[in-house]
*Asks:* 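Below you will find the structure I want to go over with you.
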Amino acid sequence: MAMTDDRVELLVTVVLAAEGERAARAACQELMWQVDGRIVESTDCSAEEPGCWSVTLRVPSEERATHNVAAPLARAVRQFVRGLNVAVPMVSCEPPTAWTVLDDPDAIEPLVAGAERLLVEAWYGGDPYPSGQDEETELPKVPDKPAEAPQPARRPRPTGDTSPTTGCRLTLRVDVATSRMAGAEWQARALASRISRTATVAGVTEHDGVLSVLVDLGTAQTPVPQTVLTAVSALDRPGWSTLRWEGETASTTWTADPRPESGITELELSSSPDVRRRG
């Protein structure tokens, strides 16, 4: 019997200056031991700043989700930060995620050599993707897949292997009005954590005054339209567009109206048959 549905988990992302991935991970070792965590990802951020790396730790928490889930989420973040012996900044909470940013280098440098910022996130629950149990959110309508229809021009997506296999792959595009790549990635990760525990940032591009973060959310053993609609349900935002088809790919878009001067301006969820080569 799984007992993890109500568990609150912590992710701590350290942005630091380092000469390479090995040095970045080594710099986080002492913090990892201090908080009894483990490193789950390291990313080269040198496109934002030369020599910049981010290292993400998964940290255990004693908090459990209750009927008022916002309270344990925020409490988990505050308790973790207090345990670092630094001042607790404002904690943002939008269940099932709560987070805060420590951006005082003088305060966090003693924790990790070369550290510039720490993002502390708390979230709970098993993967809402691809089970699709919450169907109460208003979802985009699913039209019949057209045989052939002209499509508007869109930004190109990464292409991969074309050999067939089962399942489908889900991606999330998050457009953020910011000049800081780390800030855009943090907001994208916070959203992605509601959909999948295996989310990885696939790339960041700049266009129309925003940073566009593409996140690979992994694969699902469900039909393409259902995979997209389940992810929409997990994000719990009204106003998504009708599902669109481009060949084998289904996608839907959410756009902020009015467009904010900072923060998330647009989201896009896309799913297509997984074409990675079989062994």
Side-chain angles (χ1 to χ4, degrees), residues 11 13 43 92-99 119 121 123 125 127-132 134-143 151-158 168-220 222 224-246 249-272:
L11 290 177
T13 301
T43 304
S92 300
C93 189
E94 190 176 339
T97 306
W99 67 94
L119 168 69
E121 300 172 88
W123 58 284
D127 276 354
Y129 156 72
S131 60
D134 180 6
E135 298 294 338
E136 295 182 358
T137 302
E138 182 180 354
L139 301 177
K141 296 179 181 179
V142 184
Q151 300 291 336
R154 297 171 62 200
R155 287 186 293 279
R157 290 188 169 276
C168 58
R169 182 160 294 273
L170 182 67
T171 59
L172 169 67
R173 173 173 57 81
V174 183
D175 287 358
V176 186
T178 181
S179 60
R180 306 288 289 177
M181 183 179 296
E185 287 192 7
W186 286 346
Q187 295 198 53
R189 289 176 190 276
L191 284 176
S193 70
R194 304 181 199 177
I195 303 173
S196 172
R197 295 188 182 187
T198 60
T200 56
V201 173
V204 182
T205 57
E206 184 177 2
H207 67 90
D208 300 331
V210 302
L211 292 179
S212 185
V213 184
L214 187 64
V215 185
D216 183 347
L217 298 172
T219 58
T222 51
V224 166
Q226 180 183 341
T227 301
V228 175
L229 299 183
T230 299
V232 167
S233 177
L235 291 180
D236 193 24
R237 288 175 181 245
W240 289 84
S241 69
T242 300
L243 208 63
R244 305 182 304 275
W245 286 94
E246 285 188 21
T249 300
S251 60
T252 180
T253 304
W254 175 91
T255 303
D257 185 18
R259 173 171 164 165
E261 293 184 3
S262 63
I264 295 173
T265 63
E266 188 171 271
L267 306 173
E268 183 182 70
L269 283 160
S270 298
S271 181
S272 58

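Here the structure is a predicted model, which means the values were calculated and not measured.
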*Asks:* Give the intermediate values and the outcome of side-chain hydrogen bond (donor to acceptor under 3.5 Å, both in side chains) for residues Arg244 and Ser251.
*Replies:* CA-CA 5 Å; Arg244 305 182 304 275; Ser251 60; 3.3 Å; yes
*Asks:* So, taking the atom named OG in Ser271 and the one named CD in Gln226, what distance separates them when rounded to the nearest 0.5 Å?
*Replies:*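 It comes to 10.0 Å.
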*Asks:* Just jot down the side chain to side chain donor-acceptor pair (under 3.5 Å) partners of Thr13, sequence neighbours excluded, or say none.
*Replies:*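 Thr13 satisfies side chain to side chain donor-acceptor pair (under 3.5 Å) with Thr56 only.
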*Asks:* With side-chain hydrogen bond (donor to acceptor under 3.5 Å, both in side chains) as the criterion, how do Thr227 and Thr222 come out once you've worked through the C-alpha distance, each side chain's angles and the decisive distance to 0.1 Å?
*Replies:* CA-CA 6 Å; Thr227 301; Thr222 51; 2.6 Å; yes
*Asks:* Once salt bridge (charged side-chain N to carboxylate O under 4.0 Å, His left out) is applied, do any residues pair with Glu185, and if so which ones, sequence neighbours excluded?
*Replies:*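 Here the qualifying residues are Arg189.
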*Asks:* Of all the heavy-atom pairs spanning Ala177 and Pro260, show the shortest one and how long it is.
*Replies:*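 In terms of heavy atoms, the two residues are closest at CB-O, 4.2 Å.
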*Asks:* Using only atom types and a distance under 3.5 Å, with no angle test, would you say the side chain of Ser241 pairs donor to acceptor with the backbone of Thr253?
*Replies:*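 Yes; at least one donor-acceptor contact below 3.5 Å.
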*Asks:* Sequence neighbours left out, what passes side chain to side chain donor-acceptor pair (under 3.5 Å) with Ser92? Give chain and number order.
*Replies:*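 Ser92: no side chain to side chain donor-acceptor pair (under 3.5 Å) contacts found.
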*Asks:* Could you state the interatomic distance from CG (Leu214) to CZ (Arg173), rounded to the nearest 0.5 Å?
*Replies:*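 Separation between the atoms: 8.5 Å.
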*Asks:* For the CG atom of Leu119 and the CH2 atom of Trp99, what is their distance to the nearest 0.5 Å?
*Replies:*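 Those atoms lie 9.5 Å apart.
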*Asks:* Apply the side chain to side chain contact (heavy atoms under 4.5 Å, CB included) test between Leu269 and each candidate in Leu172, Thr171, Thr230; give the one that qualifies.
*Replies:*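 Checked Leu172, Thr171, Thr230 against Leu269; only one passes side chain to side chain contact (heavy atoms under 4.5 Å, CB included): Leu172.
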*Asks:* Do the non-hydrogen side-chain atoms of Val228 and Leu243 ever get within less than 4.5 Å of each other?
*Replies:*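 Of all side-chain heavy-atom pairs linking Leu243 with Val228, at least one is under 4.5 Å.
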*Asks:* If I compare all heavy atoms of Leu191 with all of Leu267, which pair ends up nearest, and what's the gap?
*Replies:*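 It is CD1-CD2, 3.5 Å.
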*Asks:* Within the side chain of Thr255, is there an N or O that forms a donor-acceptor pair under 3.5 Å with the backbone of Glu266?
*Replies:*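 Checked: no pair found.
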*Asks:* Decide yes or no on side-chain hydrogen bond (donor to acceptor under 3.5 Å, both in side chains) for Asp175 and Ser212, but give the supporting numbers first.
*Replies:* CA-CA 4 Å; Asp175 287 358; Ser212 185; 2.7 Å; yes
*Asks:* side-chain contact (heavy atoms from CB on, under 4.5 Å) between Val210 and Thr178: does it pass, once the steps are laid out?
*Replies:* CA-CA 6 Å; Val210 302; Thr178 181; over 6 Å; no
*Asks:* Taking the side chain as C-beta and beyond, is there a heavy-atom pair between Ser272 and Trp245 under 4.5 Å?
*Replies:*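 Side chain of Ser272 against side chain of Trp245, heavy atoms only: no contact under 4.5 Å found.
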*Asks:* Taking the side chain as every heavy atom from C-beta outward, state whether Val232 and Thr252 have any atom pair closer than 4.5 Å.
*Replies:*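 With C-beta onward as the side chain, the pair touches.
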*Asks:* When rounded to the nearest 0.5 angstrom, what distance separates OG1 in Thr200 from CG in Asp216?
*Replies:*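 Answer for the OG1-CG pair, Thr200 versus Asp216, is 4.5 Å.
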*Asks:* Which atom names give the shortest non-hydrogen contact between Ala231 and Leu170, and what distance separates them?
*Replies:*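 That closest heavy-atom pairing would be CB-CD2, 3.7 Å.
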*Asks:* List the residues meeting side-chain contact (heavy atoms from CB on, under 4.5 Å) with Ala188, not counting sequence neighbours, and say none if there are none.
*Replies:*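 Applying side-chain contact (heavy atoms from CB on, under 4.5 Å) to Ala188 gives Val174, Val213, Val215.
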